[in-house]
Student: 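Below is the structure I would like to discuss, written out as structure tokens.
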Amino acid sequence: MTSQISTLAGRGLSHAVQLTGWVGKGKPVTAKGVLRPSELPGAAAALGVKVPAKVRTAADVAPIHWPWVAAEAAGLIEVGTAKAVACEVDGDPAELWLTGLDAVLRAESHDIGRRGAFTLCRAVLTARIEDRSVEHVLGGYEDGDTAELCFRQSEGLPVDDAIALLQSFGALDSSGEPTALGEWARERFEERAPESVTPALPVAELLARVAPLPEDEAWRLALRWFGERPPVFGASQLLHAAEFASPVERVAAVVVVAGFGDEVLAAWRNALRYKNLRAHAAAALADWGEGGGVDEAQRRWLVVEYALAARAKGGVEDAFHYVRDSGGLEVLAEAGHPGAADLHRVLTTANIRIRVRQLKISREAAVWRRVLVPDSLTLARLHEIVALLHGHSGDELHEFDVDGLRYSDPFYGLADRRDEHEVRLSTVFRGAGGGLTYRYDLAAPWEYRIACEKVLAPSAELTYPRCVAGEGDRFDQDAVNRRLAALRIPQP
């Protein structure tokens with residue numbers, strides 16, 4: 001990395017740095033992890049930008065929201081459920097800049113792979129550098145059709161939005177021409193484009209590429225790298241590289257290798273020799289009836305591994321919920337993992353508060369249930385709750401539709417569905433008034449609308465989930481709550 005690029009990247013992150021200084025020891029945030037509207041005037045003053053007279057959410061104010069997302073991704077701020085606090089970060093400004101830009105591009109993408117803004121900005125930089133039209137450049141991209149599914153456009157390519165974003169990060173100058181930082185970013189974009197993953201890509205670079213991605217995208221890219229490699233040979237290479245990688249890269253490698261099933265058991269047996277992968281390998285082999293499974297020390301190690309991966313991909317709140325669902329902070333004690341102590345410190349100081357969502361789950365006007373649930377629940381647990389509320393076995397194919405993104409159980413291998421175990425209600429619902437669609441038994445779907453009516457503080461006198469009202473289908477509230485109690489969901 002040249003000093004010039006690092007210097008330019010530092011300037012490109014200046015808005016995120018200014019916002020971090022304003023955040024300081026803490027600023028209140030909404031349940032969605034963005035600034036409360038009442039805080040926007042202060043943030044705007046710190047950044048020297050204007051705020052519209054009427055604002056629904058801070059996420060709608062790009063000059064503030066973009067630096068906010070970049071600062072969180074780069075580690076400049078830690079965002080909990082109740083507040084955000086500034087953090088000290090020691091790293092190459094160029095890599096921090098790229099991490100922040102990537103996060104904003106994901107946030108502004110609305111296609112299933114969350115790549116639309118990345119694809120469009122890549123095309124804009126290439127078009128400006130090579131003096132071609134954006135449309136012509138997109139025609140040569142494998143994922144070019146995603147470029148229309150980004151930002152807040154109503155139709156057509158939102159090129160102006162892409163230019164504004166790149167200018168705000170210093171990749172384009174005020175006239176729209178690429179800067180040296182923009183040319184460097186374009187090179188990085190080209191390296192990470194889907195078509196750039198080939199069997200010749202070094203395995204360490206593959207791990208870095210797939211680590212931040214959802215499992216379905218990581219799998220598709222990994223298959224490109226495997227190419228004609230025998231699965232067991234490629235799996236052995238991946239696991240060997242993962243031994244020396246970060247936890248989030250290691251978990252990504254484990255997930256990819258697990259996708260090959262019993263074809264790669266020999267690779268898992270070999271991985272038992274590795275210190276950092278031993279627990280992963282023991283767990284994988286146990287799934288196929290080999291070995292004695294994981295002992296308590298290995299279980300604790302895995303909790304730390306997956307919590308660190310969750311923090312790297314989704315932030316401190318995701319890590320908090322993962323640890324909480326796995327037994328609580330005491331699990332981190334005596335885990336033997338080098339990251340356990342720091343993770344414990346971060347989670348105990350994050351000031352995360354779990355709220356309760358009042359949901360109304362309706363199949364039709366005359367058939368509905370009202371239920372109180374912790375907002376730390378994943379969509380997978382919500383599936384269990386809906387099944388119990390409406391008398392389904394829960395074993396049929398199902399899916400959630402959230403703003404055009406579909407989620408289901410990856411066990412079923414449904415195409416274009418994200419993992420329902422990876423997203424929580426706190427991120428699905430922006431607040432009271434939000435909603436999603438749930439379909440059960442996809443062969444002949446029962447379709448439900450799930451609306452968030454209220455966001456409440458938890459009550460020490462209640463256990464959750466709790467059904468509080470309903471009609472239709474021989475509704476028996478006491479019987480429903482007895483079934484819900486059997487789920488053993490951690491209480492807020």
Side-chain angles (χ1 to χ4, degrees), residues 1 5-29 32-35 43 46-47 58-59 64-108 114 168-170 181 185 188 192 207-209 211-213 245-252 304-323 332 337-352 427:
M1 197 76 62
I5 294 301
S6 292
T7 299
L8 291 173
R11 295 173 187 167
L13 268 180
S14 62
H15 284 171
V17 172
Q18 290 169 351
L19 194 60
T20 300
W22 172 78
V23 167
K25 294 183 179 180
K27 288 292 187 292
V29 297
K32 288 294 293 181
V34 299
L35 284 170
L47 294 173
I64 295 176
H65 188 58
W66 289 345
W68 179 269
V69 172
E72 181 181 6
L76 299 174
I77 59 175
E78 284 273 17
V79 180
T81 301
K83 69 178 182 178
V85 296
C87 304
E88 293 186 6
V89 176
D90 182 19
D92 183 357
E95 293 302 330
L96 295 177
W97 178 88
L98 190 58
T99 298
L101 177 58
D102 281 343
V104 176
L105 293 175
R106 285 194 298 274
E108 292 291 352
R114 288 291 197 249
S168 74
F169 274 81
L181 184 61
R188 302 289 81 75
R192 296 183 297 143
L207 286 180
R209 286 283 304 275
L213 300 177
S246 65
V248 68
E249 291 172 334
R250 195 152 45 241
V251 168
V304 177
E305 284 275 276
Y306 280 92
L308 289 172
R311 181 187 178 195
K313 293 178 69 172
V316 66
E317 185 179 348
D318 280 4
F320 175 86
H321 289 314
Y322 185 85
V323 171
L332 303 184
H337 194 290
D342 181 64
L343 179 63
H344 187 278
R345 178 189 60 79
V346 169
L347 297 185
T348 53
T349 59
N351 192 32
I352 294 175
T427 58

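This structure is a prediction, so every number in the text was calculated from the model and none was measured.
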Student: Looking at side-chain heavy atoms only, is the closest gap between Val85 and Ile77 below 4.5 Å?
Tutor: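 No, their side chains stay 4.5 Å or more apart.
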Student: Side chain to side chain contact (heavy atoms under 4.5 Å, CB included) for Ile5 and Leu181? Distances and angles first, verdict last.
Tutor: CA-CA 6 Å; Ile5 294 301; Leu181 184 61; 4.0 Å; yes
Student: So, the side chain of Arg192 versus the backbone of Arg209: is there a donor-acceptor pair under 3.5 Å, distance only?
Tutor: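 No; judged by distance alone, with no hydrogens or angles, the pair does not exist.
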Student: Applying side-chain contact (heavy atoms from CB on, under 4.5 Å), can you list everything that pairs with Ala86, at least two apart in sequence or on another chain?
Tutor: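 Testing Ala86 for side-chain contact (heavy atoms from CB on, under 4.5 Å), a comparison that skips the adjacent residues, returns Thr20.
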Student: Quick check for you: to the nearest 0.5 Å, what is the distance between Arg188 atom CZ and Asp102 atom CG?
Tutor: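 Result: 11.5 Å between the selected atoms.
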Student: Could you list the donor-acceptor pairs under 3.5 angstrom formed by side chains in residues 340-347, with sequence neighbours left out?
Tutor:
{"unit_1": "Asp342", "atom_1": "OD1", "unit_2": "Arg345", "atom_2": "NE", "d": "3.3"}
{"unit_1": "Asp342", "atom_1": "OD1", "unit_2": "Arg345", "atom_2": "NH2", "d": "2.6"}

Student: Counting only pairs under 3.5 Å, give me each side-chain donor-acceptor contact of residues 66-76, with atom names and distances, residues two or more places apart or in other chains.
Tutor:
{"unit_1": "Trp66", "atom_1": "NE1", "unit_2": "Glu108", "atom_2": "OE2", "d": "2.9"}
{"unit_1": "Trp68", "atom_1": "NE1", "unit_2": "Gly33", "atom_2": "O", "d": "3.1"}

Student: Go through the structure and list residues passing side-chain contact (heavy atoms from CB on, under 4.5 Å) with Pro93, not counting sequence neighbours.
Tutor: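 Pro93 satisfies side-chain contact (heavy atoms from CB on, under 4.5 Å) with Ser6, Ala9 once adjacent residues are dropped.
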Student: For Ala58 versus His65, what's the shortest heavy-atom pair and its separation?
Tutor: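 So the minimum-distance heavy-atom pair works out to O-CB, 3.5 Å.
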Student: Nearest heavy-atom pair of Val304 and Gly339: which atoms, and what distance?
Tutor: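 Looking at all heavy atoms of both residues, the closest pair is CG1-C, 4.2 Å.
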Student: According to the side chain to side chain donor-acceptor pair (under 3.5 Å) rule, which pairs have a member within residues 304-316, sequence neighbours left out?
Tutor: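 Counting only pairs at least two positions apart or across chains, the side chain to side chain donor-acceptor pair (under 3.5 Å) contacts touching residues 304-316 are Glu78-Arg311, Arg250-Glu305, His280-Glu305, Glu305-His337.
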Student: Suppose we screen for side-chain contact (heavy atoms from CB on, under 4.5 Å). Which residues come up paired with Ala43, at least two apart in sequence or across chains?
Tutor: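 Once residues adjacent in sequence are excluded, the partners of Ala43 under the side-chain contact (heavy atoms from CB on, under 4.5 Å) criterion are Leu19, Trp22, Leu35, Ile64.
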